[in-house]
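Notes follow the structure.
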Amino acid sequence: MNITDRRRVLQLGAGALVGMAGCTGDTDNQNGDRPNGQSDSDEDGVPDSQDAYPNDSRFSKQVLSKSNTWEIEEDRWRYFGFSLRGEGKLYYDFIVREGPEIDVILMDESEYTHFESQSRYNYYTKFSQLNSAGGTVEQVLPAGSYYIIFDNSEAGEASPPTDFNNSVATVEFDIEVGSS
């Protein structure tokens with residue numbers, strides 16, 4: 001191999017290195033795009049198109065998602081039960097459109113029987129809204145089985161009026177529970 005051939009090989013090698021600069025193979029680029037074109041903004045391994053929480057790497061699946069309006073009779077309550085195998089995210093927003101203020105209470109499944117029998121019960125204060133006409137809660141929950149209760153009875157802080165009329169609470173709400 002003469003000197004001219006060696007220079008040509010070196011030039012081609014240097015050109016190939018310059019052409020590859022910035023390429024890192026199978027890793028994400030700065031925009032969070034995978035080589036197959038699917039975006040994963042939170043880099044949790046779940047493509048954004050399949051991720052219910054594309055901006056939070058701790059959560060990717062929806063366990064519960066409801067939007068509704070309930071009419072809750074006086075001395076009654078309505079609830080949702082759900083379970084989390086691992087850490088989860090609870091979000092709810094509600095407003096009483098008509099009627100008395102209510103309690104929205106989150107408790108363990110084991111406490112629900114105490115609530116139902118109107119005896120003493122434990123609940124999660126930072127996940128609950130007592131004696132309220134509306135509010136929003138967004139918190140992370142540990143693994144477990146839970147009930148979220150929309151209460152128009154005397155079991156919590158709020159109490160319907162004692163005017164011998166059926167004081168119905170019309171409650172509009174959105175609730176979402178996510179998990180990993």
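Values in this document were obtained by computation on a predicted structure and should not be read as measured data.
- Looking at Glu111, its side chain does come within 3.5 Å of a backbone N or O of Asn122 through a donor-acceptor pair.
- Put simply, CG on Asp75 and CD on Glu154 are 6.0 Å apart, with the number rounded to the nearest 0.5 Å.
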Distance-only donor-acceptor hits, side chain of residues 134-141, under 3.5 Å, sequence neighbours excluded:
| unit_1 | atom_1 | unit_2 | atom_2 | d |
| --- | --- | --- | --- | --- |
| Thr136 | OG1 | Asp93 | OD1 | 2.5 |
| Glu138 | OE2 | Lys89 | NZ | 3.1 |

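- Ser132 places no side-chain N or O within 3.5 Å of a backbone atom of Gln129 that could act as its donor or acceptor partner.
- The distance from the OG1 atom of Thr170 to the CZ atom of Arg97 is 10.5 Å, given to the nearest 0.5 Å.
- Using a 4.5 Å heavy-atom cutoff, the side chains of Ile175 and Tyr91 are not in contact.
- The OG atom of Ser128 sits 7.5 Å away from the CD1 atom of Ile148 when rounded to the nearest 0.5 Å.
- Summarising the geometry of Glu101 relative to Ala158, their closest heavy-atom pair is O-CB, 3.6 Å, with the distance given to 0.1 Å.
- For the atom pair Met107 CE and Thr113 OG1, the distance stands at 9.5 Å (nearest 0.5 Å).
- Here Asp174 contributes atom CG and Phe94 contributes atom CZ; the two are 12.0 Å apart, rounded to the nearest 0.5 Å.
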If you look only at distance, which donor and acceptor atoms sit under 3.5 Å apart when one is on a side chain in residues 76-86 and the other is two or more places apart or in another chain?
| unit_1 | atom_1 | unit_2 | atom_2 | d |
| --- | --- | --- | --- | --- |
| Trp77 | NE1 | Tyr112 | OH | 2.9 |
| Ser83 | OG | Ser145 | OG | 2.8 |

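- Note that CG of Asp151 is 8.0 Å distant from CD1 of Ile102, once rounded to the nearest 0.5 Å.
- Judged by distance alone, with hydrogens and angles left aside, the side-chain atoms of Asn68 form no donor-acceptor pair with the main-chain N or O of Val171 at under 3.5 Å.
- Tracing side-chain contacts under 4.5 Å through hydrophobic residues (I, L, V, M, F, W, Y), one never reaches Ile105 starting from Phe127; they form parts of separate clusters.
- In summary, the aromatic rings of Phe173 and Phe150 are positioned with their centroids under 6.0 Å apart.
- Not a single donor-acceptor pair under 3.5 Å links the side chain of Ser167 to the backbone N or O of Glu74.
- Taking each heavy atom of Gly156 and Tyr121 in turn, the nearest pair found is CA-OH, 3.5 Å.
- In the hydrophobic clustering of this structure, Val63 does not group with Tyr147; members are Ile, Leu, Val, Met, Phe, Trp, Tyr whose side-chain heavy atoms approach within less than 4.5 Å, directly or through other members.
- Residues Trp70 and Leu64 share a hydrophobic cluster, clusters being chains of Ile/Leu/Val/Met/Phe/Trp/Tyr side chains in contact below 4.5 Å.
- Applying the side-chain hydrogen bond (donor to acceptor under 3.5 Å, both in side chains) test between Asp108 and each of Tyr123, Tyr124, Tyr146 identifies Tyr124 as the sole match.
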